[in-house]
Every structure is written in C-alpha cells, then in structure tokens.
Amino acid sequence: MSECGSYTLLKKSSQCRARLGRLYTARGNIDTPVFMPVGTQGTVKGVATEYLKESGAQIILANSYHLYLRPGTEIIKRAGGIQEFNSWRKPMLTDSGGFQIFSLNEIRKIKEDGAQFQSHIDGSRHFFTPEKSMQVQKDIGADIIMCFDECAPYPASYEYAKNSMELSLKWAAKCKDEFYKDDARLKQALFGIIQGSVYDDLRKISAQKMTEMDFTGYAIGGVSVGEPREDKERVIEVVEPLLPENKARYLMGVGMPEDLWEGVQRGIDMFDCVIPTRNGRNGQVFTSLGKLNIRNAEFRQDFTPLDPQCACPACKGYTKAYLNHLVRAQESLYLSLLSLHNIYFMINLMEKIRKALENDSFFEAKEEFFRKYYNRKS
RNA sequence: GGGGGUGUGGCAGAGUGGUCUAAUGCACCAGACUGUAAAUCUGGCGGGCUUGCCCUUCGGUGGUUCAAAUCCAUCCGCCCCCA
C-alpha cells in the first residue's frame, strides 16, 4: 500500500518540464496536473457539494485557521473529519494558517515561536505555532496538510525575505517533528513550503533545506502576492529543478488560466486558487473565448450561453441575458451559477492540459487555447 | 371656492445671495480581484477641447444685484388641508 500523498510520475513532456502523474490518497487518487478549488471554511463558497462533484473536481482546500476559529476543531473531529462534516468524502488539503500571516497582517504579530492572531471574528487572541497548526490540521483530518510558514508580502526587502525564509525553515522542522509524533502519516501527508520571495539565492537555499528534510510533497509559497509575472515564473524555474522528481510540486494560491499553463510548463503538478469563486461572485466569468464581466451592458440582450463549450449548469440552463439580470437584481442564484461555471472552466482546462500531455502535445494545446482565449470579439 | 406648501442632475434628496457642475444614496458605465477578514473594492457618471480652461445646467419667462439654484414678479405643474 502506498504512503498517503505519494506521487507516481506517469509521463514527462518531451517539449518542456511538464509532467503527467498521479497522487495517491486514502480517499482516492488524483490525476495531475490538478486544479484544487478553495473552500476556506470547509465549503467552496456558493457551491453545493453535489454540484462540485459533478464539476470533476478531485480535491478541494480548506483553511485550518478559519476552521479552528469556527466551528472549532472539536466539532469537526466529532463529525468524523472535514470530509464527513461537509459530505465531500473525497481528498482534501488544508492550508496551515501561514497565508493568514500575510492576509491578516494588520491583526497579527510574528514571533520566533509562531504568530499571534487577533480573531477577525471577535477580536480574541490566538497563538499559532508550528505545533499548534499540526494539531489543528490533524484534528481537521484533511488528506494533505501543509507546514506552518510565513507567506511574506511583496515587495519584501532581501533582509526581510531572508529572515522570513529562515523562520519558515525552522517552523518546517518543528512541523515535521510534531507531525511524525504519532501515526497520522498513515492517513495524512505533510508538504513542505519553499519561501524566499523573489530572490533566487534564497529560493535555492529554501528548496535545498526543505528537500533535505524529506517531506511527502513540496509547495512553492509566497507567489502571486503582487509580484510581476516574470518573477513568479522565474521562481518556479529556479526551484523546480531542485525538487525530487518522484514527489508532487504544488504552486500555492495560483491562479489565472495563464498561470496554470505557465506553471505546468515549468513542472508544477498542483494549483489552488480562489479566483474562480471570488471572481464569479464579482461577475467575472472565464470562457474559452476569454474573460468577460457578465454584469456589463453588452450582455443585457445576449441570449446565448456563457460558453457554448461548457457543460456546467449555468451554461446548460441559462443565457447571458438571464445571468446578467440575476447579477443586476442581486439574486443570490448568480453567486452559485457563476462560481460553479468558473470551477468547471478551471477543471476543464486542467483536463485539456492532461490530455495534451498524454499526447505529448503541450505547446500545440497551449497555442490553441490562447488563440481562442485572446481573440474574443465583443 | 378658500388657505398652505412645493418644483434641484436618470430617481430620491441636501443646498436658500458669491467658496455650486451643485453634498449624499440609488441607478447607470467600466475596471480590479491569485494558499478567501471580499456577494468586495476602485474609478467614472452635462458638453467641448489645447486637460487647464471654456461653454451649458437647479420648472418657464422677465427682473433686482458687481454676483442668483438661492431674492422679486408672473406663468405653468404637483401636493396637502378646509369647504
């Protein structure tokens, strides 16, 4: 029997660093490259679990910091784990709370041992340490869990980035010790997170030290925090060759359709992003012919589907004109339909990419995708 | 018939002599969103261009004044009360 989170490399592209693979978990195998929708509070915002399953999503995220605050880990534990609690019953991954050091920077303090947060819900104080994050993530019970790290902001000075990266290394070692204390690793996999901002030498050091610690998989964190696209792509190019071939590589918090192609091309296996759901709630829709904002006046009388190539409930059942009406009328149905559509889009995109890798035609597929995606006439 | 009130930008609604192209909200037109403090946020919203100015706006018309959305006259519309 395979170790949870173990990765099987099935095929390498002859054209680039892209790879086709399979990730094992006790709740099912995951075909990679994969896009993972984000469900911070144990729910992918606006999308009922049964619809999410129909989208073809293989694995979803949740956030340990948010679930720890509410409803609390005790309740999730009693429910039988997060996958039972939300009735997804398929692979899940939890983030450690490290991203909240970045996103909640106004109400937290970083210390040597961890980070003190002031709850955004009621103002109460909570100290998150690597050990605490491991305990919380064990209680939540996701199949893949992440080291507690500091996601540094952009821009960060070299000095800041270096200290931050070194702190994340120290915390990673503590996470590992805590995680392997019991037999949790039979059910869960722990991934390490590489930091170092946009500084190549820091990224290399982080990658070397992290791989020396020997985690089940590796993530590249601290990207898509405002840095130029070239920086993000260069960071992957610097880090990826240093990662072992027989383990999964996860680019955290990414991304846009462009990012998925560029990431896969550079050897990334896993992505997660709030974009499909958040942008969906804000009216932005991804289609094979490009992005559009369904709220815009041009769609008021457009009685065609969002994307004729899409099989999602929004495209099968409704027109742009109707969705435009739902958004303008603030009818809550649009939250669900647009979020779901965007998830379908990302999932389909990754399926397209995997198929291209099977045929070893990555660049042909990429070119075809963007020819249509950037040629939308409005 | 008598008395009182009121008319402001697409709508609602401030402003009652200069600092008014006129607050604010809504509507409208766009844009942003990347390990979710986000069904959120930002910008625009009379016209013109040389982007700093010019022209045109507060029911209509006429007046007072150096100056009027603001004061006066008159006309038109709407609302309320009493008969």
Side-chain angles (χ1 to χ4, degrees), chain A residues 35-47 59-67 69-70 92-108 117-123 133 137 142 144-152 154 168 191-195 218-229 231-232 250-260 262-263 268 270-286 291-300 324 326-339 342 346 378:
Chain A
F35 179 82
M36 310 182 283
V38 177
T40 303
Q41 309 213 55
T43 171
V44 176
K45 288 188 195 296
V47 182
I59 170 170
I60 61 173
L61 255 70
N63 184 283
S64 50
Y65 173 74
H66 287 274
L67 291 176
L69 288 182
R70 187 170 55 192
M92 285 192 68
L93 182 152
T94 42
D95 187 31
S96 61
F99 185 72
Q100 277 60 46
I101 295 180
F102 163 76
S103 67
L104 302 181
N105 68 88
E106 303 281 308
I107 49 174
R108 57 79 175 151
F117 292 96
Q118 197 156 2
S119 163
H120 62 281
I121 300 167
D122 63 5
S133 178
Q137 292 190 80
I144 299 172
I145 73 172
M146 303 303 298
C147 281
F148 189 59
D149 64 335
E150 187 206 348
C151 177
Y154 178 87
S168 288
F191 280 27
I193 305 175
I194 291 145
Q195 290 290 351
Y218 297 97
I220 298 174
V223 293
S224 282
V225 287
E227 78 285 359
R229 149 168 259 99
D231 282 324
K232 176 165 47 190
Y250 164 26
L251 187 64
M252 302 187 79
V254 174
M256 297 289 283
E258 292 88 342
D259 297 318
L260 302 185
E262 298 304 328
I268 300 297
M270 304 163 69
F271 301 84
D272 78 280
C273 197
V274 305
I275 282 278
T277 45
R278 180 185 290 166
N279 289 26
R281 290 196 305 282
N282 295 330
Q284 188 173 84
V285 172
F286 294 92
K291 291 187 296 193
L292 56 87
N293 195 315
I294 195 62
R295 179 197 334 119
N296 289 1
E298 60 176 308
F299 304 115
R300 282 180 101 145
N324 174 281
L326 291 182
V327 172
R328 285 172 186 266
Q330 301 267 37
E331 277 295 337
S332 57
L333 178 59
Y334 83 87
L335 300 168
S336 181
L337 290 175
L338 299 185
S339 298
N342 283 342
M346 298 297 172
S378 54

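Letters go in sequence order (proteins before strands), and every chain restarts at 1. Every value quoted in this text rests on a predicted model; they were computed, and no experiment measured them.
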Closest heavy-atom pair and its distance - A:Val44, A:Pro37: CG2-CB, 4.3 Å
Return the nucleotide paired to B:U6: Watson-Crick means purine N1 to pyrimidine N3 with N6-O4 or O6-N4, wobble means G-U with N1-O2 and O6-N3, both under 3.5 Å. B:G77
Answer for the Watson-Crick or wobble partner of B:U16, both distances under 3.5 Å, is none
According to ring pair (Phe, Tyr, Trp, His ring centres under 6.0 Å), who are the partners of A:Tyr65, at least two apart in sequence or on a separate chain? A:Phe117, A:Phe128
Looking at side-chain heavy atoms only, is the closest gap between A:Asn293 and A:Arg295 below 4.5 Å? yes
How does protein reach along nucleotides 29-39 of chain B, written 5' to 3' as B (base within reach of a heavy atom under 4.0 Å), S (only sugar-phosphate), or - (no contact)? SBBBBBBBBBB
Please give the distance between the C1' atoms of B:G60 and B:A12 as a whole number of Å. 24 Å
Checking A:Tyr154 now: which residues fulfil ring pair (Phe, Tyr, Trp, His ring centres under 6.0 Å) with it, not counting sequence neighbours? none
Can you name the side-chain contact (heavy atoms from CB on, under 4.5 Å) partners of A:Ser96, sequence neighbours left out? A:Ser133, A:Gln137, A:Met146, A:Phe148, A:Asp149
Complementary nucleotide of B:A39, counting Watson-Crick and G-U pairs under 3.5 Å: none
Who are the ring pair (Phe, Tyr, Trp, His ring centres under 6.0 Å) partners of A:Phe99, not counting sequence neighbours? A:Phe102
Inter-nucleotide C1' distance (B:U24, B:C45), Å rounded: 15 Å
Rounding to an integer number of angstrom, what distance separates B:C20 and B:G31 when you compare their C1' atoms? 30 Å
Return the pairing partner of B:C53 with a 3.5 Å limit on both distances, Watson-Crick or G-U wobble; otherwise return none. B:G48
Should B:A27 form a Watson-Crick or G-U wobble pair with both distances under 3.5 Å, which nucleotide is its partner? none
With sequence neighbours excluded, residues passing side-chain contact (heavy atoms from CB on, under 4.5 Å) with A:Leu326: A:Tyr322, A:Leu323, A:Glu331, A:Leu333, A:Tyr334, A:Leu337
Between B:G48 and B:C80, how far is it from one C1' atom to the other, in whole Å? 45 Å
Interatomic distance at C1', B:C28 relative to B:C11, whole Å: 11 Å
Whole-angstrom distance between B:U61 and B:C66, as gauged at atom P: 23 Å
Using the C1' atom on both, measure B:U19 against B:U70 and round to a whole Å. 15 Å
If we take the C1' atom in both B:A67 and B:G17, what is their distance in whole Å? 8 Å
